[in-house]
Enquirer: 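Questions regarding the structure given below will be posed in turn.
The residues of the chain are indexed from 1 along the displayed sequence.
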Amino acid sequence: MQAEFRTETENILSNLGKIPELTFQEVALSIFRLQYKHCNIYKRFCEALKVTSTAVQELKDIPYLPVDFFKTHKVTTGDWDAKLTFKSSGTTGQDSSHHHIKDLKLYEESFSEHFNLSFGTAEDLCILGLLPSYLEKGDSSLVYMVDALIKKSKYTNSGFFLDDHNALATVLKYNEENKIPTILFGVTYALLDFVDFFPMKLHYTTIVETGGMKGRKKEMTKAEVHLQLQKAFSLPYIASEYGMTELLSQAYAIKDQKYHTSNAMRVLLRNEDDPLTVLDSQDCKQNAQTGIVNIIDLYNIYSCAFVATDDVGKLYSDGTFEILGRRDNSDIRGCSLLTV
């Protein structure tokens, strides 16, 4: 069984880089069959829905595992020891999601490829992180990603800034004076705290807001947050990152509120009243559709690649999407900025 599992996963991993030569659906269906066979909790979930592996012939047929299963169960495909376990930030009194990682190189490959396509190579950028609440926990997938990008950067002033806003302001001013292209990843409340004391005109810096008020400030819409940051930094736009502990891939919105996914990630929508009714981008040719976000992440080969989130989204015909808020009664998470 282990030898069979290794062979199957190796074949799928070799195909990840062949998209779109191989269609996304071909790879996704091969991962579905693998996970139906080797991910116990996912197979039990499918069986509870009376879905067999042979019944799934296209993306819309695939069952999507509710994201809360990452809190209550060990979601792993295959039998292996985790190299690292990422945990969601959550809020006080809430259970955290656990994402067990078998292969960190796979995660690094995922985030590096899409970051480079979205912003340019990390080596040629100064990478800064203002992620205090995530740094304090120490088991954040976001912190791991930003730290890896920092280590790739050729600029020695790349790094994290916990609460030292003076030091961050000094680095930003230096980079601006020296025309150094800079990416600043910032949790929302920390960025708002920073600009209260250090508004400055930026030309060579891109702000990437990662979400997250965590009860630290009055809830604001994403548009309100971005407008405040744009004015304080004299920037034409604020970029956003959409990521989750339960995913190894991210999506980025650069100059508008529409998130673009990598080749290994796909967003679909489900009907809140009928969660088995799923829409894809082909259903949005006439008009963008709104629903609850389902995500396929092909890099989640060792956990579950098919995740039903609690985020309300709008999907467009080109596969881009917006996040409109959270489904009622769902936990507050880092990506939970309201937009309506």
Enquirer: Return the OG to CD distance between S110 and Q250, rounded to the nearest 0.5 Å.
Expert: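 Taking OG in S110 and CD in Q250, the distance rounds to 5.5 Å.
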Enquirer: With sequence neighbours left out, write down each residue that passes side-chain hydrogen bond (donor to acceptor under 3.5 Å, both in side chains) with T309, or none if nothing qualifies.
Expert: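 Partners of T309 by the side-chain hydrogen bond (donor to acceptor under 3.5 Å, both in side chains) criterion come out as none, since no residue qualifies.
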Enquirer: Tell me whether K222 is salt-bridged to E322, with the criterion being a basic N under 4.0 Å from an acidic carboxylate O.
Expert: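 No salt bridge links K222 with E322.
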Enquirer: Take F198 and F194 through the ring pair (Phe, Tyr, Trp, His ring centres under 6.0 Å) test and state the conclusion after the steps.
Expert: CA-CA 6 Å; F198 294 100; F194 177 74; 5.5 Å; yes
Enquirer: Flag this pair as yes if the NZ/CZ of K258 is under 6.0 angstrom from the six-membered ring centre of Y316 and inside a 45 degree cone about the axis; otherwise no.
Expert: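 Yes; both conditions hold, so K258 lies above the ring face of Y316.
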Enquirer: Is the side chain of S158 donor-acceptor paired with the backbone N or O of Y155 at a distance under 3.5 Å, no angle test?
Expert: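 Present.
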Enquirer: For a quick check under 3.5 Å, do S14 and N11 share a side-chain donor-acceptor pair by atom type?
Expert: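 S14 vs N11: no donor-acceptor pair found between side chains.
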Enquirer: For T156, what residues pass the side-chain hydrogen bond (donor to acceptor under 3.5 Å, both in side chains) criterion, not counting sequence neighbours?
Expert: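 Expected list: none.
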Enquirer: Identify whether L298 and I101 are in the same connected component of the hydrophobic contact network (ILVMFWY, side-chain heavy atoms under 4.5 Å).
Expert: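 In one cluster: yes.
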Enquirer: Going by the ring pair (Phe, Tyr, Trp, His ring centres under 6.0 Å) test, name the single residue among F69, F70, Y299 that passes it with H99.
Expert: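 Result: among F69, F70, Y299, F70 is the only option passing the ring pair (Phe, Tyr, Trp, His ring centres under 6.0 Å) with H99.
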Enquirer: Check whether the side chains of S249 and D297 place a donor and an acceptor atom closer than 3.5 Å, and report yes or no.
Expert: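 Side-chain D/A pair, S249 to D297: present.
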Enquirer: Mind checking side-chain hydrogen bond (donor to acceptor under 3.5 Å, both in side chains) for T72 and listing every partner two or more places apart, or none if nothing turns up?
Expert: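 Once residues adjacent in sequence are excluded, T72 has no partner under the side-chain hydrogen bond (donor to acceptor under 3.5 Å, both in side chains) criterion.
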Enquirer: Consider only side-chain N and O atoms of E26 and T23, and report whether a donor and an acceptor are under 3.5 Å apart.
Expert: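 Checked: E26/T23 side chains pair up, N/O donor to acceptor below 3.5 Å.
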Enquirer: For D147, look at atom CG and say whether over 12 heavy atoms of other residues, nucleotides or ligands are found less than 6.0 Å away.
Expert: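 Yes - once you tally the heavy atoms of other residues, nucleotides and ligands closer than 6.0 Å, there are more than 12.
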Enquirer: Can you tell me if K152 has over 12 outside heavy atoms packed within less than 6.0 Å of its NZ?
Expert: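 Above 12, so yes.
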Enquirer: Only pairs at least two apart or in different chains count here, so list each salt bridge (Lys or Arg N to Asp or Glu O under 4.0 Å) that has a residue in residues 160-181.
Expert: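 Salt bridge (Lys or Arg N to Asp or Glu O under 4.0 Å) check on residues 160-181 returns no pairs.
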Enquirer: Could you tell me whether R266 sits above the aromatic face of F24, with NZ or CZ closer than 6.0 angstrom to the six-membered ring centre and within 45 degrees of the axis?
Expert: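 Yes, R266 lies over the aromatic ring of F24.
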Enquirer: Just checking, any donor-acceptor pair under 3.5 angstrom between side chains of E241 and T210?
Expert: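 No, no side-chain donor-acceptor contact under 3.5 Å.
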Enquirer: Pair up each side-chain donor or acceptor in residues 27-35 with any protein partner under 3.5 Å, not counting sequence neighbours, and list the distances.
Expert:
residue : atom : partner : partner atom : Å
S30     : OG   : V27     : O            : 2.6
Q35     : OE1  : A305    : N            : 3.0
Q35     : NE2  : N300    : O            : 2.9
Q35     : NE2  : I301    : O            : 3.1
Q35     : NE2  : S303    : O            : 3.4

Enquirer: Side chains of K231 and Q228: any donor to acceptor distance under 3.5 Å?
Expert: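 No, because no side-chain N or O of Q228 sits under 3.5 Å from a partner of the opposite role on K231.
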Enquirer: Using the ring pair (Phe, Tyr, Trp, His ring centres under 6.0 Å) rule, pick out the option among F119, Y259, Y242 that qualifies with Y252.
Expert: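 Of the listed residues F119, Y259, Y242, the ring pair (Phe, Tyr, Trp, His ring centres under 6.0 Å) partner of Y252 is F119.
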Enquirer: Around Q286, counting heavy atoms of other residues, nucleotides and ligands shown, do more than 12 lie under 6.0 Å from its CD?
Expert: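 Open: at most 12 neighbouring heavy atoms sit under 6.0 Å from CD of Q286.
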Enquirer: Give a yes or no on whether a salt bridge exists between K102 and D79, defined as a side-chain N under 4.0 angstrom from a carboxylate O.
Expert: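 D79 and K102: not salt-bridged.
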Enquirer: Sequence neighbours left out, what passes side-chain hydrogen bond (donor to acceptor under 3.5 Å, both in side chains) with N166? Give chain and number order.
Expert: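 Checked N166 against side-chain hydrogen bond (donor to acceptor under 3.5 Å, both in side chains); zero matches.
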